[in-house]
Amino acid sequence: MGPSMSEITLRRPDDWHLHLRDGDMLEAVLPYTAAHFARAIVMPNLVPPVTDTAAAQAYRDRILRALPEAMEFTPLMTLYLTEDTNADDVVAGFRDDLITAVKLYPAGATTNSHSGVRNVEAVYPVLEKMAAAGVPLCIHGEVTDPEVDIFDREAVFIDRVLRPLRSAVPGLKIILEHLTTRDAVDYIREADDGIAATITTHHLIINRNAILVGGIKPHYYCMPVAKRETHRLALRQAATSGNPRYFLGTDSAPHPDSEKESACGCAGVFSAINTMACLAHVFEQEGALDRLEGFASLHGPAFYGLPANDDTIRLVRRDAPVAFPDRIETGSGTVTVFDPMFPIHWDVAED
Ligand code: DOR
Ligand code: ZN
């Protein structure tokens, strides 16, 4: 190892929150995730959404067909919870290993969420059956009440929806996804160990200035929207703390540039390509490179009750900045790659 270069070997990471889309887009983005990650929790917000086990199985087959032959990757499928979800189908799908979790989108919270849940109490009976069978619930934790300011929607969700839900269905295993606030970080730290949280790479790197200063920057717009700097610092502290109830879910969410760079641009940051390199940078800055493996490779499987991956990846610090593409081509147009606004020196070594 040269004097200005260092490297770190980790168990192969998993991505506990990922959008792979379908068709052309799936084909274009999947190899980037599969290059670094062994498994991913695959979001069900397709059009139409993946609402039952049969649809999840068909989607899993399409993902595996899109996977280049030489690559290995295990998609962990989720079902999109609606007020019509059939609990028996969920439990059977979970027992047969066809699904790994169920996803709760409050209706209208984000991309393709209009068939989500309007009244959370209406799904309590399903959640009770999930709790009894050990099926985890992934939650997009934002209220959609138009009276609530968009920057407050996560904190308000915790008080208005999550606390009552956890009292009503105490045994339910929950993953609160893509934390963006100090409030959520604190809530998770103080909660019992039936709940954990994912944090994205981009929310460790950007605050809301990235979206709004010097012009409107649609490629930094995602849901939940990035908050002010104090929140970003709390997220970095949480991710690098070693606490096993915070782990990586990239929420890499590709959209064609034409749909992001528009009068009504879609929410989503595409980070699958450089996520591990960006994380190495962040953990190095925080003096916590030794905790990256926990965050990216160990805490997630432990919470889901799955084994960690046996194989490893090697992250290498290069002297010169590593060049990532600004955008990738897909059959549905170009997709811009997350730009962390700092030079990236880390790279996943191809052994
Ligand atoms: O920014 C986001 N994009 N947040 C979400 O919750 C959904 C995702 C998407 O599907 O594009
Ligand atoms: Zn998402």
Side-chain angles (χ1 to χ4, degrees), residues 14-23 25-26 28-30 33 37 40-51 59 63 75-81 100-117 136-144 150-151 153-154 157 161 175-181 184 197-208 210-211 216-227 235 247-262 264-272 275 300 330 332-333 335-338:
D14 303 301
D15 186 348
W16 300 95
H17 180 135
L18 176 67
H19 297 270
L20 284 175
R21 315 300 191 203
D22 216 338
M25 187 63 87
L26 166 65
V29 300
L30 176 61
T33 288
F37 296 92
I41 287 277
V42 179
M43 287 298 125
N45 62 333
L46 303 182
V47 190
V50 179
T51 52
Y59 184 29
I63 295 168
L76 303 173
M77 307 310 293
T78 59
L79 291 186
Y80 186 115
L81 184 64
T100 301
V102 170
K103 173 72 185 252
L104 166 62
Y105 284 105
T110 187
T111 312
N112 303 334
S113 64
H114 33 266
S115 26
V117 174
L137 179 70
C138 297
I139 300 184
H140 183 113
E142 288 189 288
V143 294
T144 54
I150 193 162
F151 292 104
R153 289 181 173 195
E154 183 172 277
F157 182 91
V161 182
I175 301 93
L176 184 61
E177 304 189 281
H178 42 50
L179 304 191
T180 58
T181 55
T198 60
I199 300 177
T200 74
T201 305
H202 52 279
H203 287 115
L204 296 173
I205 294 172
I206 62 162
N207 63 31
R208 62 197 197 179
I211 313 164
I216 187 156
K217 311 281 175 54
H219 297 292
Y220 294 114
Y221 174 66
C222 65
M223 295 304 289
V225 71
K227 309 298 192 294
L235 294 167
F247 48 84
L248 175 63
T250 67
D251 202 5
S252 181
H255 290 279
D257 287 336
S258 56
E259 291 176 26
K260 299 268 313 162
E261 298 167 7
S262 131
C264 183
C266 314
V269 168
F270 175 61
S271 63
T275 262
T330 81
S332 310
V335 172
T336 292
V337 174
F338 174 60

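Counting starts at 1 for both ligands and their atoms, in listed order. Please read all numbers here as calculations on a predicted model, not as lab measurements.
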Using only N, O or S atoms, tell me which atom of His17 is closest to the Zn ion (ligand 2). NE2
Could you list which atoms of ligand 1 come closer than 4.0 Å to a heavy atom of [X]?
X	answer
His140	6 (O)
Met223	1 (O), 2 (C), 4 (N), 5 (C), 6 (O)
His19	7 (C), 8 (C), 9 (C), 10 (O)
Cys222	1 (O)

Polar contact flag, side-chain donor to acceptor under 3.5 angstrom, Thr336-Asp257: yes
Side-chain donor-acceptor pair present, Thr275, Thr201, cut-off under 3.5 Å: yes
Only one of Arg21, Glu261, Lys260 passes side chain to side chain donor-acceptor pair (under 3.5 Å) with His255, and that residue is Arg21
Going by side chain to side chain donor-acceptor pair (under 3.5 Å), Thr180 matches just one of Arg208, Glu154, His203. Which one? Glu154
Taking 4.0 Å as the limit for heavy-atom contacts, which would you say applies to [X] with ligand 1: side chain only, backbone only, both, or neither?
X	value
Arg21	side chain
His255	side chain
Ala253	side chain
Asp251	side chain

Does the side chain of Asn45 come within less than 4.5 Å of Tyr105's, by heavy atoms? yes
Are the side chains of Met223 and His178 in touch, meaning some heavy atoms are under 4.5 Å apart? no
If you stand at the Zn ion (ligand 2) and look out to OD1 of Asp251 and NE2 of His19, what angle do those two lines make, to 10°? 90°
May I ask you to check whether Phe270 and Phe338 place their ring centers less than 6.0 Å from one another? no
Any donor-acceptor pair under 3.5 Å from Ser252 side chain to Ala272 backbone: yes
Compute the shortest N/O to N/O distance between Asn45 and ligand 1 and return yes if it is under 3.5 Å, no if not. yes
